[in-house]
**Q** 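First the structure, then my questions, so here it is.
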Amino acid sequence: MGQQIGLGSVVGIVVALMCWRGNQSANVVSTFPDALTLVVLVVLLSVAVRFDLSRRQAQRRSASLRAGLTVGAAAGLVFGGAVAVLGVIRFSNPTIGLLAFGFLTAFGSALACGVVAAVPRSASPHTRVAER
């Protein structure tokens, strides 16, 4: 599980840096300032989940889903925290609701992308043969 949290944290840092770079205008904070940030999130989470599963040689659907949830949650915590900190820095008087919305949007999207990244692995024909 430590490797999954580490992979998720690295993904979260990369996506958070892209988000910070994309939010250049003052008094504006967007979780996904451009489509590239979302694409990078999906691709990096897919690579991280597949890397973790190949290292552990896990073939079960439940192991794949668990890996996707763990990696996605770790990435979401880092990414969501970065979006909230960006809101504190950019806005002169940020509200708790605004910061919570930014955090939950980033966390929820990373978690959802982590689950989606785990689904193709569990639905592949090679996995079904290995489970038998």
**Q** Closest approach of V49 and G68, non-hydrogen atoms and distance?
**A**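 The pair with the smallest heavy-atom distance is CG2-CA, 3.8 Å.
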**Q** Under a 4.5 Å side-chain heavy-atom rule over Ile, Leu, Val, Met, Phe, Trp and Tyr, are F101 and L104 clustered together?
**A**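 Different clusters.
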**Q** Hydrophobic cluster membership, with links at side-chain heavy-atom distances under 4.5 Å among I/L/V/M/F/W/Y: are V14 and V11 in one?
**A**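 Yes: a chain of side-chain contacts under 4.5 Å links V14 to V11.
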**Q** Mind checking the CG-CZ spacing from L53 to R66? Nearest 0.5 Å is all I need.
**A**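 Between L53 CG and R66 CZ, I get 10.0 Å after rounding to 0.5 Å.
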**Q** Kindly compute the distance separating CG (L44) from CD1 (I13), expressed to the nearest 0.5 Å.
**A**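 Reported to 0.5 Å precision, the distance equals 12.0 Å.
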**Q** Kindly compute the distance separating OG (S9) from CD (Q4), expressed to the nearest 0.5 Å.
**A**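 One gets 11.5 Å once the value is rounded to the nearest 0.5 Å.
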**Q** Identify all side-chain donor-acceptor contacts of residues 73-91 below 3.5 Å with residues at least two apart in sequence or on another chain.
**A**
| unit_1 | atom_1 | unit_2 | atom_2 | d |
| --- | --- | --- | --- | --- |
| R90 | NH1 | N23 | O | 3.0 |
| R90 | NH1 | Q24 | O | 3.4 |
| R90 | NH1 | S25 | O | 3.0 |
| R90 | NH2 | N23 | O | 2.7 |

**Q** Name the atoms and distances for all side-chain donor-acceptor pairs under 3.5 Å in residues 109-119, with sequence neighbours left out.
**A**
| unit_1 | atom_1 | unit_2 | atom_2 | d |
| --- | --- | --- | --- | --- |
| S109 | OG | T105 | O | 2.9 |
| S109 | OG | A106 | O | 3.0 |

**Q** Donor-acceptor pairs under 3.5 angstrom involving side-chain atoms of residues 31-40: please list them, not counting sequence neighbours.
**A**
| unit_1 | atom_1 | unit_2 | atom_2 | d |
| --- | --- | --- | --- | --- |
| D34 | OD1 | T37 | N | 3.2 |
| D34 | OD1 | T37 | OG1 | 2.5 |

**Q** Do any N or O atoms from the side chain of S54 and from the backbone of F51 form a donor-acceptor pair under 3.5 angstrom?
**A**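 Pair found, side chain donor or acceptor close to backbone of F51.
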**Q** Applying a strict under-4.5 Å side-chain criterion to I, L, V, M, F, W and Y, I'd like to know whether W20 and M18 cluster together.
**A**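 Yes; tracing contacts between hydrophobic side chains, which count when under 4.5 Å, links both residues.
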